[in-house]
Amino acid sequence: MNRRLFMHQLAKGTLSATAVGTSLSASAADYLLHTSKAGELASHTIADISYTDVQLKWPRFVGKNGRRDIHGYGPKVSVCVLTTDQGAKGWGMHGSRNAEAIAYLKGKRVSEVFQPSLGVTDSKALGFDVPLHDLAGVILNKPVYELMGQKKPILTKCYSGMIYFDELEPKEGPVKTTADGLDRLLENCRHDYELGYRQLKLKIGRGNIWMPKEEGLKRDIEVTKLVAKTFPDVEILVDANDGYTVDTTIAYLKGIGDIPLFWMEEPFAETVADYQKLRAWTKDNKPKMLLADGEADPRQELLRELEDRKLIDVHLTDMIGYGFTPWRKLMPELKSRGILASPHAFGELLKSYYCAHLAGALGNTVTIEGVPATCEAIDFGKYTIKKGQFVPSPDPGFGMTLLKKV
């Protein structure tokens with residue numbers, strides 16, 4: 001039977017079961033689903049592209065890490081809103097402000113630049129990656145993870161990425177602070193624990209800038225031991241922000257003794273030789289600890305080499321910096337090579353929630369970075385933390401509402 005006629009009759013329900021067998025083949029069902037979605041997306045044309053900024057507010061002052069001074073109370077984030085000729089709206093972080101890119105996208109049918117099974121299909125529209133995912137989800141009335149083919153989301157652990165060098169900050173505030181300031185740090189850990197996090201990432205590397213090297217290393221070890229003792233049911237991650245050398249890294253790991261670490265992140269500016277030395281030591285002394293890298297100035301060729309040599313376990317390139325569609329393409333490749341993922345998301349809670357949908361659809365994500373925040377301009381929707389796992393919103397698109405008029 002002619003394929004066009006077959007599909008036409010199948011869609012109208014006029015093809016008998018005896019003509020095709022007792023059940024519809026998976027490929028035919030997939031084809032119908034694809035063409036149905038494409039038809040709905042083709043009926044919407046991008047009519048307006050607008051922008052605004054929103055202020056995210058962290059629950060507390062965030063101080064220093066191993067390479068940067070104070071981070072403050074939260075970032076101002078640029079977002080882009082796409083509106084179709086039928087009034088459907090999708091929005092998300094950034095969005096290209098290039099005049100040529102804006103002119104190119106306006107007037108395009110959504111189906112010309114986006115396919116649910118692939119993401120953004122036109123490189124000239126990639127600057128609108130996240131808003132296009134949200135828009136397609138709104139049009140098709142599906143959350144992004146389901147848009148990508150996963151009916152029930154794959155749930156993933158999440159960690160609080162908000163524990164910085166808190167004891168080094170001024171002693172003012174609601175927490176009565178002792179001379180060493182460590183009770184302030186513990187109070188911040190407790191706050192995030194009560195939000196539902198069962199993983200805490202501790203910043204280390206105090207001796208890189210802010211303290212004498214030996215004193216800083218001693219404090220890093222002290223903080224790790226104190227948090228492990230105070231929160232025995234929490235998994236601990238540590239992040240040196242490239243503030244260590246390979247020898248300092250090994251000295252730190254020796255210093256914390258038998259405390260298990262979920263992962264060690266960015267201990268030093270990555271090189272093959274240094275990671276070979278560290279991997280040789282951890283293989284014998286902390287074989288279950290994951291090594292994670294790729295956030296700071298990611299060089300994809302070097303990361304690929306480190307991964308192929310099995311010198312790192314977790315790929316950390318930023319969710320927005322790399323892009324949602326590129327991450328969709330990268331994830332299956334990482335999985336095929338035995339490498340886990342955890343897209344960097346610090347700073348903006350929006351990125352954490354985008355990660356929850358990416359992981360919800362594709363899996364292979366060992367944990368998701370959480371950044372507690374509020375925003376008067378955003379209704380963050382139905383995202384929750386249950387049993388230490390992120391549960392993405394089941395509402396259309398990314399399930400968040402921009403309250404601010406644009």
Checklist entry - Is there a donor-acceptor pair closer than 3.5 Å between any side-chain N or O of E266 and the backbone N or O of E295? => result yes

Next on the checklist: Ignoring hydrogens, what is the shortest heavy-atom contact between V110 and I139? Give both atom names and the distance.
Outcome noted: CG2-CD1, 4.1 Å

Item to check | T374-K57 side chain donor-acceptor pair, cut-off 3.5 Å | outcome: no

Checklist entry - When the ring centroid of H357 is compared with that of Y383, is the distance short of 6.0 Å? => result yes

Next on the checklist: Is it the case that the side chain of K277 and the backbone of A273 share a donor-acceptor pair, with hydrogens and angles ignored and the cut-off at 3.5 Å?
Outcome noted: no

Item to check | Test: D166 and R184 ion pair at under 4.0 Å | outcome: no

Item to check | Sidechain-backbone polar pair: E215 side chain, P212 backbone, donor-acceptor under 3.5 Å | outcome: no

Checklist entry - With side chains defined as the heavy atoms from C-beta onward, is the minimum distance between L200 and I236 less than 4.5 Å? => result no

Item to check | Polar side chain donor-acceptor pair, Q199 to T367, under 3.5 angstrom | outcome: yes

Checklist entry - How are the rings of Y353 and F380 set to each other: parallel, tilted or perpendicular (split at 30° and 60°)? => result perpendicular

Next on the checklist: One thing to verify: whether E167 and R219 come together as a salt bridge, which I'm taking to mean a side-chain N less than 4.0 angstrom from a carboxylate O.
Outcome noted: yes

Checklist entry - If every non-hydrogen atom of G243 is compared with every non-hydrogen atom of N208, which pair is closest and at what distance? => result O-CB, 3.5 Å

Next on the checklist: To the nearest 0.5 Å, what is the distance between CD on E348 and CE on M93?
Outcome noted: 4.0 Å

Checklist entry - Going by heavy atoms in the side chains, are P59 and H191 under 4.5 Å from each other? => result yes

Next on the checklist: As an exercise, state the distance from CG of L186 to CG of L226, rounded to the nearest 0.5 Å.
Outcome noted: 4.0 Å

Next on the checklist: Please confirm whether the ring centroid of Y51 lies under 6.0 Å from the ring centroid of W91.
Outcome noted: no

Checklist outcome for this item: All heavy atoms of T156 vs all of A359, minimum pair found to be OG1-CB, 3.6 Å

Checklist entry - Is the F346 ring parallel, tilted or perpendicular to the W58 ring (thresholds 30°, 60°)? => result tilted

Next on the checklist: Does any part of the side chain of I256, heavy atoms only, come nearer than 4.5 Å to the side chain of L261, both counted from C-beta?
Outcome noted: yes

Item to check | Ring centre gap for Y193 and F231 strictly below 6.0 Å | outcome: yes

Item to check | Within-4.5 Å side-chain heavy-atom neighbours: R299 and L303 | outcome: no

Checklist entry - Within a radius of less than 6.0 Å around NZ of K218, do more than 12 heavy atoms belonging to other residues, nucleotides or ligands occur? => result no

Checklist entry - With a 4.5 Å limit on heavy-atom distance, are the side chains of T401 and I378 in contact? => result no

Item to check | Nearest heavy atoms of L362 and I154, plus distance in Å | outcome: C-CD1, 4.2 Å

Next on the checklist: Working to the nearest 0.5 angstrom, can you tell me the gap between K201 NZ and L237 CG?
Outcome noted: 7.5 Å

Next on the checklist: Can you tell whether the side chains of E100 and K124 come within less than 4.0 Å, N to carboxylate O?
Outcome noted: no

Next on the checklist: Tell me whether the rings of Y197 and F390 are parallel (<30°), tilted (30 to 60°) or perpendicular (>60°).
Outcome noted: perpendicular

Would you be so kind as to tabulate the donor-acceptor pairs closer than 3.5 Å made by side chains of residues 70-82, with sequence neighbours excluded?
unit_1, atom_1, unit_2, atom_2, d
H71, ND1, G63, O, 2.7
H71, ND1, D69, O, 3.1
S78, OG, R97, NH2, 2.9

Next on the checklist: Could you check whether R60 pairs with D192 (Lys NZ or Arg NE/NH1/NH2 to Asp/Glu carboxylate O, under 4.0 Å)?
Outcome noted: yes

Checklist entry - Quick one: is the NZ or CZ of K254 closer than 6.0 Å to the six-membered ring centre of Y252, and within 45° of its axis? => result no

Next on the checklist: Donor-acceptor pair, distance only, cut-off 3.5 Å: does the side chain of E369 make one with the backbone of A345?
Outcome noted: yes

Item to check | Minimal non-hydrogen separation, S342 against V366, with atom names | outcome: CB-CG1, 4.4 Å

Checklist outcome for this item: Closest heavy-atom pair, F128 versus P131, reported as atoms and distance to 0.1 Å, is O-CD, 3.3 Å

Checklist entry - Would K64 count as a cation-pi partner of F165, with NZ or CZ less than 6.0 Å from the six-membered ring centre and within 45° of the ring normal? => result no

Residues 325-334 side chain polar contacts: donor-acceptor under 3.5 Å, at least two apart:
unit_1, atom_1, unit_2, atom_2, d
T325, OG1, V120, N, 3.0
T325, OG1, D129, OD1, 2.7
W327, NE1, T317, O, 3.3
W327, NE1, D318, O, 3.4
R328, NH1, P116, O, 3.3
R328, NH1, H133, NE2, 3.1
R328, NH2, P116, O, 2.7
R328, NH2, S117, O, 3.2
E333, OE2, R304, NH1, 2.6
E333, OE2, R337, NH2, 3.4

Item to check | Ion pair D313/R279, N-O distance below 4.0 Å | outcome: yes

Checklist entry - Should the pair K404-E376 be classified as a salt bridge under the 4.0 Å nitrogen-to-oxygen rule? => result no

Item to check | Atom pair CG/CG of D53 and L56 - distance to nearest 0.5 Å | outcome: 10.5 Å

Next on the checklist: Taking atom NZ as the centre, does K108 end up with more than 12 heavy-atom neighbours from other residues, nucleotides or ligands that are less than 6.0 angstrom away?
Outcome noted: yes

Checklist entry - Take atom CD in Q86; do more than 12 heavy atoms of anything else shown fall under 6.0 Å from it? => result yes

Next on the checklist: Taking the six-membered ring for Trp, are Y164 and F61 closer than 6.0 Å centroid to centroid?
Outcome noted: no

Item to check | Heavy-atom side-chain proximity of L202 to V227 below 4.5 angstrom | outcome: yes

Checklist entry - Under 3.5 Å, is there a donor-acceptor pair between the side chain of T84 and the main chain of A88? => result yes

Item to check | CG on D379 to NZ on K382, rounded to 0.5 Å | outcome: 10.0 Å

Next on the checklist: A side-chain contact here means heavy atoms from C-beta on lying under 4.5 Å apart; do M264 and T249 qualify?
Outcome noted: yes

Checklist entry - Can you tell me how far CG of N364 sits from NE2 of H315, rounded to the nearest 0.5 angstrom? => result 11.5 Å

Checklist entry - Is any side-chain heavy atom of F114 less than 4.5 Å from a side-chain heavy atom of L147? => result yes

Item to check | side chain to side chain donor-acceptor pair (under 3.5 Å) against Y275, all qualifying residues, sequence neighbours excluded | outcome: D293

